[in-house]
Protein chains: 2
Amino acid sequence: MKLVKKKIFQDFIAARGLKSTRQRDVILEAFLDSDRHLSIEELYLHLRGGNPTIGYVTVYRTLKLFAESGIAREFQFGDGQTRYEHVVKGEHHDHLVCVRCGAISEFSNDAIEAIQDEIATSHGFHIQYHKMELYGVCAACAAEAVEAL
Amino acid sequence: MKLVKKKIFQDFIAARGLKSTRQRDVILEAFLDSDRHLSIEELYLHLRGGNPTIGYVTVYRTLKLFAESGIAREFQFGDGQTRYEHVVKGEHHDHLVCVRCGAISEFSNDAIEAIQDEIATSHGFHIQYHKMELYGVCAACAAEAVEAL
DNA sequence: CCTCATTCTGAAAATGAATTTCACTATACG
DNA sequence: CGTATAGTGAAATTCATTTTCAGAATGAGG
Ligand SMILES: [Mn+2]
Ligand SMILES: [Mn+2]
Ligand SMILES: [Zn+2]
Ligand SMILES: [Zn+2]
């Protein structure tokens with residue numbers, strides 16, 4: 001899967017007449033090695049740990065490229081930072097976001113997706129993408145809250 | 001309904017020891033008279049038309065108060081501006097957002113809401129609120145696109 | 001009606017994430 | 001190699017939001 005995504009990005013780079021650079025390689029590697037929903041800054045700070053260092057702006061631009069190429073999705077979970085996760089086209093899932101600890105978990109449900117299509121159709125609306133996020137308290141935080149009593 | 005919302009806000013103001021001001025009255029009136037999903041700036045510019053003028057910051061703070069009081073919901077539809085709509089607690093709907101003209105329409109679907117609850121339960125997750133937005137091309141814009149051929 | 005503690009207002013300043021600029025560097029194709 | 005083209009990153013800019021602060025308004029108690 002990691003190799004598939006690398007290939008997709010390489011092809012995208014080639015098709016657009018862009019260049020392959022050390023920075024893009026490093027960022028791609030780190031991005032694919034993560035299973036989190038990373039903000040630009042998080043990835044940037046992570047990369048600063050290694051050597052040589054890569055600029056914030058390059059991380060920013062590269063994540064945008066990932067999204068354009070189809071190997072990443074961009075999100076706004078309401079914490080003021082844009083986040084990215086790597087995905088492959090065709091696959092889809094939505095999110096549960098803990099308002100206490102920020103943990104993000106994933107789910108997908110075909111029934112909901114089907115109903116969404118029906119709703120769109122009945123409105124003469126052509127869906128391009130959707131956003132579905134459930135905000136609340138995760139199991140771990142709920143347990144913690146109980147302990148604290 | 002408008003009166004109900006006014007009452008809710010007045011009670012909120014009283015319960016919190018806040019004061020009733022001309023500005024809050026004017027902003028509330030204009031907000032309740034709209035059926036749109038207004039950004040701070042839109043409402044501010046609308047109010048500037050009338051006299052006397054009200055500051056941007058006051059509109060900003062007052063919309064926040066509306067949200068806290070329960071008569072408004074806050075949104076981010078991805079255009080970079082925070083938007084507000086007036087609602088009553090208990091009522092709920094989600095949105096279709098046109099990526100071409102920005103039009104926002106509404107829908108609600110009990111089946112989806114029920115499935116969301118099941119998903120949360122199966123994750124031990126306690127939902128506080130959710131976000132569901134379908135982005136795409138509205139019927140009007142689709143028709144326009146066909147004409148243009 | 002006054003008093004005055006408290007809240008409100010709004011211009012200006014600050015914040016902070018995203019985005020652009022630009023001088024310099026790296027890539028890649030012949 | 002040579003060189004046209006794209007990339008990099010520090011710094012500057014943008015832009016909505018949020019905070020600050022000094023003067024104004026509100027309203028509970030007298
Ligand atoms: Mn995800
Ligand atoms: Mn709505
Ligand atoms: Zn949590
Ligand atoms: Zn439209």
So what does A:T62 hit on the nucleic acid, given a heavy-atom distance under 4.0 Å: a base, only sugar-phosphate, or nothing?
nothing
Of C:dA11, D:dA25, C:dT20, the nucleotide closest to the side chain of B:V57 is C:dA11
Respond yes when some side-chain nitrogen or oxygen of A:Q76 is under 4.0 Å from OP1 or OP2 of C:dA17, and no when none is.
no
Grab the CD-P distance between A:E68 and C:dT19 for me, whole Å please.
12 Å
Under-4.0 Å side-chain N/O to phosphate OP1/OP2 contact, B:K64 with D:dT18
yes
Where the side chain of A:T58 is defined as all heavy atoms beyond and including C-beta, which of C:dT9, D:dG9, C:dC8 is the nearest nucleotide?
D:dG9
Whole angstroms only, please: what is the CG-C1' distance between A:D25 and D:dG7?
13 Å
Whole angstrom value for the distance that separates P of C:dT9 from CD1 of B:I27:
7 Å
Have a look at B:S39 and say if it touches a base, only the backbone sugar-phosphate, or nothing, with a 4.0 Å heavy-atom cut-off.
nothing
Side-chain touch A:F66/A:I27, heavy atoms, less than 4.5 angstrom
yes
Quick one: label B:E41 by what it contacts on the DNA or RNA (base, sugar-phosphate, nothing), any heavy atom closer than 4.0 Å.
nothing
Ranking A:Q23 and A:Q81 by the position along DNA chain C of their nearest nucleotide, the one closer to 5' is A:Q81
Atom CD1 of B:I40 to atom P of C:dG10: distance rounded to whole Å?
15 Å
Expressed as a whole number of angstroms, how long is the span from B:L43:CG to D:dA16:C1'?
16 Å
Which of these nucleotides, C:dA26, D:dT17, D:dT20, is closest to any side-chain atom of B:R61?
D:dT20
Heavy-atom distance under 4.5 Å between the side chains of B:C101 and B:C138, does that happen here?
yes
Please check if A:V146 and A:V99 belong to a single hydrophobic cluster, counting links between Ile, Leu, Val, Met, Phe, Trp and Tyr side chain heavy atoms closer than 4.5 Å.
no
Under 4.0 Å between a side-chain N or O of B:K19 and OP1 or OP2 of C:dT9?
no
Reported CG-to-CD1 distance for the pair B:N109 and B:I115, which is rounded to 0.5 angstrom:
8.0 Å
With a 4.0 Å limit, can you tell me whether A:T82 has a side-chain N or O closer than that to the phosphate oxygens OP1/OP2 of C:dA18?
yes
Would you indicate, yes or no, if C:dT9 has its OP1 or OP2 atom less than 4.0 angstrom from a side-chain nitrogen or oxygen of B:R24?
yes
Between A:I8 and A:K89, is there a side-chain heavy-atom distance shorter than 4.5 Å?
no
Output the single nucleotide from C:dT27, C:dT20, D:dT19 whose closest atom is nearest the side chain of A:Y60.
C:dT20
5' priority, DNA chain D, between B:Y56 and B:R22 [closest heavy atom]
B:Y56
When the distance from CG of A:L18 to P of C:dA26 is rounded to whole Å, what number comes out?
19 Å
For D:dT26, does OP1 or OP2 lie under 4.0 Å from any side-chain N or O of B:S20?
no
Hey, quick one: are B:L3 and B:V87 part of the same hydrophobic cluster, counting side-chain heavy atoms closer than 4.5 Å, chains of contacts allowed?
no
Tell me the interatomic distance from A:E74, atom CD, to C:dA17, atom P, rounded to whole angstroms.
16 Å
Using whole Å, report how far CD1 of B:I13 lies from C1' of C:dC8.
11 Å
